[in-house]
Amino acid sequence: MVINTNTAANKGSRLLAESTTRLQKSLTRLTSGSKINSPEDDAAGLAVATKMDAQLGRISAVQNNLASATSFSQTQDGYLGKVSKALDRMSELATLATDGTKVTADKENYQTEFLALQKYISDIGQKDFNGVSLFASASLAVTLDSDGNTFSLSNAKVNGDTGVSAALATTFVVTSALSTIQTAITAVATTRAGVGAQIQRLNMTGEQIAILGENLASAVSRIKDVDVAEESTQYSRFNILVQSGTAMLAQANMLPQSSLRLLQ
């Protein structure tokens, strides 16, 4: 029996310290809801989760970009619908002017409305969306994924040498107006079909990105989020170990007192 070195107390103290540390970690996990509260908890898992969290942030940005591009294309289609309606009326006016019973004054009235609608179409060609031209010559780049890849939205041109308004007669000539208007109507219909296809692609891409984000979030959850039921069991275990360790350490500290009996 020795007095200076209490091996049992030293060992009990070490085990109590370990149990206390584990209890504190378990309490932190239950409080934060995360299994990783410091790098030493899971160094490799933290590295993987950090990269995935960054990718999730980029995916959120891609979803915003896709939503903006969808709104851009929908605005294009809305204006093109008005252009189509104006062209329908212009073709009607050109047809009315072919009536031999109409006098020159009547045809001049048709011409006034015809030119006004032509100007209306030309004005639409200058519209923009958040400062970006809706009907510019250049295509518009849209973010495709979290890696920064893009695809191009085809231009829906209205003005210019190849635009819709350029196909319309600058003066009201009955013999040529119907043909040019029909060409313009076909051009608008084709353009709207292209815009509709782009909107469909944007919607499908958005759904794809949402699925990717959902799966990445699930993967991050498996790495970082704590299982409350399991951790509660561990907390109860460590709590009991701390209490029993404290009691046993007190008993170990009393062992050297037994040596006093040998000195009596």
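All values below come from the heavy atoms of this structure, side chains included, with hydrogens, waters and symmetry mates left out. Positions are given from 1 along the sequence.
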Q) When you measure from the side chain of D147 to the backbone N and O of N149, does any donor-acceptor pair fall under 3.5 Å? A) no

Q) Residues in side-chain contact (heavy atoms from CB on, under 4.5 Å) with Q243, at least two apart? A) N239

Q.
Can you list everything that forms a salt bridge (Lys or Arg N to Asp or Glu O under 4.0 Å) with K119? Sequence neighbours excluded, please.
A. D123

**Q.** Minimum heavy-atom distance between I36 and G45, given as atom pair plus value
**A.** CD1-C, 4.0 Å

Q) Do S221 side-chain atoms and A217 backbone N/O form a donor-acceptor pair below 3.5 Å? A) no

Q. Within a strict 4.5 Å, meaning less than it, do heavy atoms of the I124 and F135 side chains meet?
A. yes

Q) side-chain hydrogen bond (donor to acceptor under 3.5 Å, both in side chains) with D42: which residues, sequence neighbours excluded? A) none

Q | For the student: nearest non-hydrogen atoms of I223 and A49, plus distance | A | CG2-CB, 4.1 Å

Q. Which pairs with one or both residues in residues 199-210 pass side-chain hydrogen bond (donor to acceptor under 3.5 Å, both in side chains), sequence neighbours excluded?
A. none

Q.
Once side-chain hydrogen bond (donor to acceptor under 3.5 Å, both in side chains) is applied, what residue pairs with a partner in residues 56-70 remain, sequence neighbours excluded?
A. N65-T143

Q: Sequence neighbours left out, what passes side-chain contact (heavy atoms from CB on, under 4.5 Å) with T233? Give chain and number order.
A: none

Q: Check whether any side-chain heavy atom of R89 sits under 4.5 Å from a side-chain heavy atom of K85, and report yes or no.
A: no

Q.
I want to check something: taking the side chain as every heavy atom from C-beta on, are E92 and T95 in contact at a cut-off of under 4.5 Å?
A. no

Q. Roughly how far, to the nearest 0.5 Å, is the OG atom of S122 from the CG atom of L115?
A. 12.0 Å

Q: Only counting residues at least two apart or in another chain, list the ones meeting side-chain contact (heavy atoms from CB on, under 4.5 Å) with D128.
A: none

Q. Of the non-hydrogen atoms in E231 and S26, which two are nearest, and what is the gap between them?
A. OE2-OG, 2.8 Å

Q. Going by heavy atoms in the side chains, are L66 and V142 under 4.5 Å from each other?
A. yes

Q.
Looking at every non-hydrogen atom in both residues, tell me the closest pair between A8 and A252 and how far apart they are.
A. C-CB, 3.9 Å

(Q) Could you work out, with side-chain contact (heavy atoms from CB on, under 4.5 Å) as the rule, every residue matching L216, not counting sequence neighbours? (A) M52, Q55, L56, I59, L212

Q.
Once rounded to the nearest 0.5 Å, what's the spacing between atom CD of Q198 and atom CZ of F72?
A. 9.5 Å

Q.
Clusters formed by hydrophobic residues whose side-chain heavy atoms approach within less than 4.5 Å: which one holds L27, and what are its other members?
A. L16, L23, L30, V226, V228, Y235, F238, L241, V242, L249

Q: Under the salt bridge (Lys or Arg N to Asp or Glu O under 4.0 Å) rule, collect the residues that match up with E214, sequence neighbours excluded.
A: none

Q | Atom pair CD/OG of E18 and S13 - distance to nearest 0.5 Å | A | 10.0 Å

Q. In Å, rounded to the nearest 0.5 Å, how long is the span from OG1 of T75 to CG of L80?
A. 10.5 Å

(Q) How close do S73 and L202 get, counting heavy atoms only, and between which atoms? (A) OG-CD1, 3.9 Å

Q) Who passes salt bridge (Lys or Arg N to Asp or Glu O under 4.0 Å) against K82, sequence neighbours left out? A) none

Q. Do D99 and Y110 have side-chain heavy atoms sitting under 4.5 Å apart?
A. no

**Q.** Residue pairs, two or more places apart or on separate chains, that pass side-chain hydrogen bond (donor to acceptor under 3.5 Å, both in side chains) and touch residues 28-39
**A.** S32-N37, S38-E40, S38-D41

Q | Considering all heavy atoms, the nearest S84-V188 contact | A | CB-CG1, 3.9 Å

Q. Out of curiosity, I181 CD1 to M90 CE, how far, rounded to the nearest 0.5 Å?
A. 5.0 Å

Q. Are K224 and D53 close enough that some pair of their side-chain heavy atoms sits under 4.5 Å apart?
A. yes

Q.
With a 4.5 Å cut-off on side-chain heavy-atom distances among I, L, V, M, F, W and Y, is there a chain of contacts connecting V132 to F151?
A. yes

Q. If you round to the nearest 0.5 Å, how far is OG1 of T98 from NZ of K107?
A. 8.0 Å

